[in-house]
Protein chains: 2
Amino acid sequence: MNEKESTKDKIIKTASRLFQMQGYHATGLNQIIKESGSPKGSLYYYFPDGKEQLALESLQVTAKFVLDQIVDGLQKSSEPVMAIQNLINDMAERFEKEGCKGGVPVASIALETSLISEPLRNACQLAYFSFQDAFTQKLISSGLEENRAIELGIAINSMVEGAFLLSFTMGNSQPLRMVAKQIPVLLK
Amino acid sequence: MNEKESTKDKIIKTASRLFQMQGYHATGLNQIIKESGSPKGSLYYYFPDGKEQLALESLQVTAKFVLDQIVDGLQKSSEPVMAIQNLINDMAERFEKEGCKGGVPVASIALETSLISEPLRNACQLAYFSFQDAFTQKLISSGLEENRAIELGIAINSMVEGAFLLSFTMGNSQPLRMVAKQIPVLLK
DNA sequence: CAAAAATTATAACAACTGGTCTACATACAT
DNA sequence: ATGTATGTAGACCAGTTGTTATAATTTTTG
């Protein structure tokens with residue numbers, strides 16, 4: 001039972017990685033199959049609705065992974081300024097090490113599919129909201145007023161996503177670093 | 001001579017729009033040809049290097065258009081806080097009217113091509129740098145110290161790009177609005 | 001062991017991809 | 001008028017896309 005699910009998991013894991021790196025349309029089912037070492041028959045057995053379903057489940061895996069990373073990072077420090085700043089700097093560090101080859105987690109799928117697939121768009125929306133809410137909850141738990149915490153959660157999420165996109169394109173972690181540096185001034 | 005260049009311009013204009021809306025890989029040459037009303041022969045006459053060259057020139061047109069929009073918006077008010085805030089709110093307003101169908105100007109191409117085409121990646125980088133620099137120059141011209149202005153230019157650019165991406169995915173201009181609201185606190 | 005269910009293996013599908021090629025028309029120079 | 005770029009027009013190519021259908025195989029169950 002454990003090993004049997006691993007075929008589906010292998011497909012999702014590989015698809016997750018490729019969609020993130022190359023985007024939705026540039027990633028072919030054949031490539032996913034080949035790189036995951038799984039047979040093509042299995043793909044439509046596990047994902048009868050085809051590419052869209054596979055992308056959806058892959059995205060959910062990716063989103064959960066990123067969210068865990070954010071939540072864990074924010075827990076490391078009780079003080080929100082430090083916590084958020086360290087989280088972003090950790091992202092920058094990881095980015096520098098991996099050489100930006102990893103792509104931008106949710107954005108690549110969001111941009112390509114939001115206008116052509118409502119289920120995928122919705123999954124991206126949920127993912128982004130979960131990120132945003134992680135920031136907001138951290139701020140609330142440190143005593144910030146709720147409405148202000150929501151505002152800041154949205155703004156910080158925007159900053160981080162934008163900085164990630166820019167760092168990826170520039171091939172340089174500077175945007176992430178600069179955004180981290182502004183966190184103290186933004187939070188008072 | 002005037003009318004003849006309009007064929008190339010028509011192709012670029014159509015391509016520019018489609019790449020922005022659908023992304024690089026989802027936009028086929030045939031679609032560009034059909035929607036622009038130009039024959040395929042002309043495409044490879046004007047763009048002998050094919051899709052990559054067409055995308056590059058289209059991106060440059062898009063980038064210039066966006067930059068002009070930023071520069072014009074920033075000129076409307078001498079005070080940088082108001083200027084930037086109004087610019088972002090104008091973006092939000094436009095976004096609400098167009099119903100987010102327009103896509104995200106540079107990001108869609110940046111994400112899809114940065115890892116597979118160095119010329120395109122570089123064009124995206126230049127585009128983003130020009131946006132960033134517009135903010136920085138505005139801040140410098142209002143008396144801000146240069147290093148701080150550069151830092152803030154990068155951060156504001158990140159915020160705006162991120163908010164645009166989030167607004168697009170959420171189908172809601174709230175992220176843009178919230179980012180605009182934080183500009184005063186960010187600029188002290 | 002046999003029956004049933006779960007999974008994998010192929011082959012084929014129509015539709016499309018980016019790109020090439022040649023034929024044709026128009027304009028402009030000499 | 002004639003020759004030469006410039007530009008138009010579209011058929012055509014090999015390769016790939018996502019998807020489907022069916023057959024073979026393995027695994028699980030009775």
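Note that the coordinates shown come from a computational prediction; the quantities given were computed from them, not determined experimentally.
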The side chain of Y44(B) is closest to which nucleotide in this list: dT7(C), dT20(C), dT8(D)? dT20(C)
E145(A) atom CD, over 12 foreign heavy atoms within 6.0 Å: yes
Between L43(A) (CG) and dT20(D) (P), how many Å, whole number? 12 Å
Kindly say whether, by distance alone, the side chain of K40(B) makes a donor-acceptor pair under 3.5 Å with the base of dG19(C)? yes
By nearest atom, which of the nucleotides dT8(D), dT7(C), dG19(C) is closest to the Y45(B) side chain? dT8(D)
Value in whole Å for how far the P atom of dC16(C) lies from CD1 of I32(B): 16 Å
The single option from E52(A), K51(A), E112(A) that satisfies side chain to side chain donor-acceptor pair (under 3.5 Å) with S117(A) is E52(A)
To the nearest angstrom, the OH-C1' distance between Y46(B) and dA5(D) comes to 13 Å
Any luck finding a side-chain donor-acceptor pair between T62(B) and S16(B) under 3.5 Å? yes
Taking only N and O in the side chain of S42(A), is any of them less than 4.0 Å away from OP1 or OP2 of dT7(C)? no
Would you mind telling me which of dT8(D), dG18(D), dG18(C) lies closest to the side-chain atoms of K51(B)? dG18(C)
Do any side-chain nitrogens or oxygens of T7(B) fall under 4.0 Å of OP1 or OP2 in dG7(D)? no
To the nearest Å, give me how far apart CG (D49(A)) and P (dT19(D)) are. 9 Å
Going by heavy atoms in the side chains, are Q69(A) and K64(A) under 4.5 Å from each other? no
Rounded to whole Å, how long is the line connecting atom CG of L29(A) with atom P of dC13(C)? 20 Å
Figure out the NZ/P separation between K8(A) and dA6(C), and round it to whole Å. 14 Å
Could you state the NZ-P distance from K10(B) to dG7(D), rounded to the nearest angstrom? 14 Å
Assuming nearest nucleotide by heavy-atom distance, tell me which of T27(A) and G41(A) is located more 5' along DNA chain D. T27(A)
Whole-Å distance, K34(A) NZ to dT16(D) C1', equals 11 Å
Without hydrogens or angle criteria, can the side chains of T27(A) and Q22(A) be said to hold a donor-acceptor pair below 3.5 Å? yes
At 4.0 Å (heavy atoms only), tell me whether G50(B) reaches a base, stays on the sugar-phosphate, or touches nothing. sugar-phosphate
Output the single nucleotide from dG18(C), dT8(D), dT7(C) whose closest atom is nearest the side chain of N30(B). dG18(C)
